[in-house]
Amino acid sequence: MESIWNLARARWILLIAGVLLGVIGGAVYAETIAVEHRSTAVVYFAVDRAKTASDYTAGSSFAQSVMPSFAQIVKSPVVLDPVIEELDLQTTPRNLASRIQVDVPSNTTVMNVTVTDTTSLRAAMTANAVVRRLDEAVRTLSPRGEEDNPAMRMSSVSPAVVSEKQSTVNRVTFELLGALGGLLVAVAVVGIWESVTRPVRSVSDVENASLTPVLAAITFDGKRAVAPVDPHGSESAAGTLVLHTNIAAACGKRGGVKSVAVVPVTASDDARAVAVDLASVMARARDRILLVDADLRSASVAGMLGVESAPGLAEILVGSAEFGQTLQARLGLDFVAAGRAEGNAAEVLVSSRLKPFLKVESTRYKMLLAVGGAAIPVADGATLAAAAEVTVLVARRGRTTRRDLVAAVDRLSSAGGILAGVVLVQRRSGLARVLMRRKKRIQDGRS
C-alpha cells in the first residue's frame, strides 16, 4: 500500500492529466451523439358499410387478418416515396423505413406508427405524413364493395404531436465515464512506465537494489540547488543532521576517515546540494571543514555559494596554482572551486595529483568534502571515489532507476572506491510545498 501511495504522489500530474483528458473526451463525445426523438400516430381500421352485427363481426375478423399486410405497406415505397417528396426529406425509402416502427396490438385493428428522428418536430411531421399516405394506399389497395367503394377504411385515432419534453444527452454521465477511463489509461501508462524504468521510491528500494545502507533521506523544495539548513526543524535540516550523524559513525568505524566524496548516480544538482548542506552543518559545529568542487564539467558549486569559480581544483591539478591561491571562505567553511579545466575535464581529473591533494589537505581539517561528477555514464564520480577515503552516493527518488543505481555502485567499487552508503533525495513540487505550508498553518493554529 505504501508503494502505491508513493507512486501516486510521484505521478499525480499524469494521473490528473488523464482524468482531465477523459472528462474533455467524454464531453466532446456527448456533443457528437445525435439525440433521438420519437413521435407516434395511432390509426384504426374497419370494414366500411357493415349493416348488421354479423356483418360487423365478419368485417372485424377480416380487418384483423389484413392488418399484417397493411403493416408491411407502411414501410413500402408506395407510402414512403410520397412522404419524402412531400416533406423534402434528404433520405431514401430504405433509410426512412429503418426509422419507422409499426406496432399492431394483438386481436385489434389498431395500428401504432412511430417515427424516430433527430428533432421532435420532424418526427411528428413524418409520422403524420406516413399515416396520410397510408390512408391513400389503403383506399387504392383495399377490395372494392358496393358502388366500387373501398371495403376498408382507416380513421385517425391520435395524430403524432411534438413532444414538449426534449430528450437530451446526459453529459455528466459521459464526463464521469471519460474521467474514469482517463484515470484507468493513466494508471496503465504509469504502471507500464514503472515496470520498464523501475525507479527507486523508498529506502527499501535503494537498499534492496544496491545492497548498501541508506544514510539519510533528504527532502529539498523544488528545483532550488541549495536548500538552506534551517536550524528550526525543516525536513532538509532533519535529513542533513541524520546524514551528519551517520557519516560520522561510518568514518569512526574506519579509523578516522578525513576525506569523503559525494557523488550523484547521474548528473544532477542533488549531490552538490547535499554536500553544501552537510558542510554547513559541520561548520555550525565549529569544525574546520574544507569543501572542494571536483565536478569539473559543471563547476557550479561556486555559483551556488556566491564566490569566484576560478582559480580552483583544475588549476591545482595542472600545476598552475597552489592551494592557498584557490582557497575561499563562505558560510563558515573553506572552499575550493572547480576552476576552469582546459580541454577534456575527465583527463584533468585523472591527474596523479588528485589523490595526494585530498590526502594532504584533509589533514588540516576535521573533514574534507569533495563533490564529484556523475558515477555513470561518465567516469568522473568513480575517479573521485578512488581518490577519497569513502564515498557517499546520491540517488533521486522517483528518477534514479534501480538499474542505474546498481551500475553506479558497481562502477565505484570497480574503481577502488569504498561506499559508505546512499543518500536518497526528494525534490518537493510546488503543489506539495503549498499543501505542506497549509498543513503547518493548521497545526500551528491548533497548538
Side-chain angles (χ1 to χ4, degrees), residues 2-3 6-7 10 194 197-220 225-227 235-254 257 259-279 281-282 294-295 367 369-428:
E2 181 181 359
S3 60
N6 289 335
L7 179 59
E194 290 289 318
T197 61
R198 302 186 68 218
V200 294
R201 297 202 175 278
S202 64
V203 170
S204 60
D205 287 345
V206 174
E207 293 180 338
N208 291 335
S210 65
L211 302 178
T212 305
V214 173
L215 299 176
I218 302 177
T219 300
F220 293 138
V226 180
E235 283 188 81
S236 61
T240 305
L241 291 172
V242 171
L243 176 61
H244 180 205
T245 302
N246 289 336
I247 283 184
C251 291
K253 289 180 180 178
R254 288 174 172 81
V257 170
S259 62
V260 176
V262 183
V263 176
V265 174
T266 55
S268 71
D269 289 333
D270 297 334
R272 295 187 282 274
V274 168
V276 171
D277 267 10
L278 179 59
V281 168
M282 291 180 172
D295 186 0
M367 182 68 68
L369 293 176
V371 185
I376 58 171
V378 295
D380 297 7
T383 301
L384 180 62
E389 293 179 87
V390 297
T391 301
V392 173
L393 193 61
V394 179
R396 169 79 73 86
R397 184 179 196 173
R399 178 174 296 181
T400 302
T401 65
R402 290 172 171 83
R403 178 183 297 177
D404 287 347
L405 179 60
V406 172
V409 171
D410 292 342
R411 175 72 63 84
L412 297 182
S413 299
S414 299
I418 298 175
L419 189 59
V422 179
V423 175
L424 182 60
V425 170
Q426 177 179 353
R427 296 279 183 172
R428 183 181 289 126

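Nearest heavy-atom pair, Asp404 versus Ile376, reported as atom, atom and distance to 0.1 Å: O-CD1, 3.4 Å. Taking each heavy atom of Gly373 and Asp380 in turn, the nearest pair found is CA-CB, 4.1 Å. Looking at every heavy atom in both residues, Gly381 comes nearest to Val263 through CA-CG1, 3.6 Å. What you find for Val262 and Ala271 is that their closest heavy atoms are CG1-O, 3.7 Å.
Side-chain atoms of Arg411 come within 3.5 Å of backbone atoms of Val378 as a donor-acceptor pair (strictly under, hydrogens ignored).
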Point to revise | Asp269 vs Phe220, side chain to side chain contact (heavy atoms under 4.5 Å, CB included): CA-CA, chis, key distance, verdict | key: CA-CA 11 Å; Asp269 289 333; Phe220 293 138; over 6 Å; no
**Study point:** side chain to side chain contact (heavy atoms under 4.5 Å, CB included) evaluation trace for Ile247 with Val390
**Key:** CA-CA 10 Å; Ile247 283 184; Val390 297; over 6 Å; no
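Note: Leu393 CG to Leu419 CG = 6.0 Å, rounded to the nearest 0.5 Å. Here the CZ-OG1 distance, from Arg201 to Thr400, works out to 11.0 Å after rounding to the nearest 0.5 Å. Between Arg402 atom CZ and Asn208 atom CG the span is 8.0 Å, to the nearest 0.5 Å. Distance check: Glu207 CD to Ser202 OG gives 9.0 Å after rounding to the nearest 0.5 Å. Rounded to the nearest 0.5 Å, atoms OG1 (Thr401) and CG (Asp205) are 11.5 Å apart. One finds the CG atom of Leu412 at 6.0 Å from the OG1 atom of Thr391 (value rounded to the nearest 0.5 Å).
Val206 places none of its side-chain heavy atoms less than 4.5 Å from the side chain of Thr212. Using a 4.5 Å heavy-atom threshold, the side chains of Asp270 and Pro264 count as separate.
Not counting sequence neighbours, the partners of Asn246 by the side-chain contact (heavy atoms from CB on, under 4.5 Å) test are Leu215, Val242.
Sorted by first and then second residue, the salt bridge (charged side-chain N to carboxylate O under 4.0 Å, His left out) pairs with a member in residues 382-394 form an empty list; sequence neighbours excluded.
At most 12 non-hydrogen atoms from other residues, nucleotides or ligands lie less than 6.0 angstrom from CZ of Arg399.
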